[in-house]
Amino acid sequence: MSNHLKYNYIIELSNVDTIYEGEKIPAIRDVNLKIKKGEFLCVIGPNGAGKTTLLETINGLLKHTRGKVNIFGKEIRKFGSSIRKEVGYVPQGFSVSSLMPFLVKDVILMGRFGKIGLFKSASDEDYLKAKEAVKLVEIDGLLKKPIGKLSGGQLQKVMVARALAKDPKILLLDEPFSSLDFKASAEISERISFLHEKKNLTTLMVIHNIPSIPKRCKRIVLINEGMVIQDGPVNEVLNSGSLKFAYKVRK
Ligand SMILES: Nc1ncnc2c1ncn2[C@@H]1O[C@H](COP(=O)(O)OP(=O)(O)OP(=O)(O)O)[C@@H](O)[C@H]1O
Ligand SMILES: [Mg+2]
């Protein structure tokens, strides 16, 4: 779809506001962000800053109310929901009902559904991509379990595999390590870095724990009160006064 398009930035936001329905104040405002293909960025900022809103504006789950969002050089509005075929999204700490009838292997395959189409059956390629993702996240042992009966960390790994099964062009992760133990966090972080290296996969990761920012991440976007207040190389942002200001650290 996007291969024939020429673009300078795989993601480009210009003066973007997103207001939730029924609200008056934008949850993100006047956001300007240019991301080149293959970049690895971390998005940080305090609770309620607008990080999740930013990711969901980029994958079209939320409609921006001002400005321009271009993905692969094309206005996101023109994609409709088809944009989500190209964007892998691992949402923030979600839960599923323990009665949810699907097995883990089905949920991962559903990650391919945007590509399969609703009424077509899965192809060999779909199974192959799903299998690769399972192997990468090392959850072979969970495949036959009902999705509702996993621990929080197991569920998070399944959601990472589901996003990777799409073989996406852009990967958005919203605090992917929040319920993982340190070993699992390190392993998943390594896998995401591996994918970034191998496939030059454009990756945006919301992260709270600064020491666990992957080494491949070269750029940090700091958000506070809906606005991008710093955007630059990792050390520059981490050492800036704005980080302390945003988190209200007084030392
Ligand atoms: N569905 C919603 N309807 C109305 N306002 C919302 C909704 N979701 C989020 N908000 C508001 O938008 C702002 C940004 O929220 P967002 O979830 O993007 O923050 P965040 O940076 O992801 O925070 P956290 O670190 O806690 O996940 C907050 O003020 C929040 O209250
Ligand atoms: Mg959030």
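We count ligands from 1, going down the list as the structure has it; atoms in each ligand are counted the same way. Along the sequence shown, the residues carry numbers beginning at 1.
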Run the side chain to side chain contact (heavy atoms under 4.5 Å, CB included) check on Thr53 and Tyr20 step by step: do they pass? CA-CA 9 Å; Thr53 309; Tyr20 284 97; 2.9 Å; yes

Please assess Asp167 against Lys129 for the test salt bridge (Lys or Arg N to Asp or Glu O under 4.0 Å), listing each intermediate value before the final yes or no. CA-CA 7 Å; Asp167 199 9; Lys129 294 287 179 203; 3.2 Å; yes

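Residues lining ligand 1 at a heavy-atom distance below 4.0 Å are given as Tyr20, Glu23, Ala27, Pro46, Asn47, Gly48, Ala49, Gly50, Lys51, Thr52, Thr53, Gln92, Glu175, His208, ordered by chain and residue number.
Atoms of the protein (N, O or S only) found under 2.8 Å from the Mg ion (ligand 2) are Thr52 OG1, Gln92 OE1.
The number of heavy atoms from other shown groups lying within 6.0 Å of CG (Asp181) is above 12.
Under the 3.5 Å distance criterion, with hydrogens and angles disregarded, a donor-acceptor pair is assigned to the side chains of Thr52 and Asp174. Side-chain atoms of Gln92 and Ser178 form no donor-acceptor pair, as typed in the model, at a separation below 3.5 Å. Side-chain contact of Thr57 with Thr18: a donor-acceptor pair under 3.5 Å is present, judged by distance alone.
Among residues two or more places apart in sequence or in another chain, the side-chain contact (heavy atoms from CB on, under 4.5 Å) test is passed with Val107 by Phe102, Ile147, Val158, Arg162. Applying the ring pair (Phe, Tyr, Trp, His ring centres under 6.0 Å) criterion to His64, with sequence neighbours excluded, gives no partner residue.
Looking at Glu187 and Arg191, no side-chain N of the basic residue comes within less than 4.0 Å of a carboxylate O on the acidic one, giving no salt bridge.
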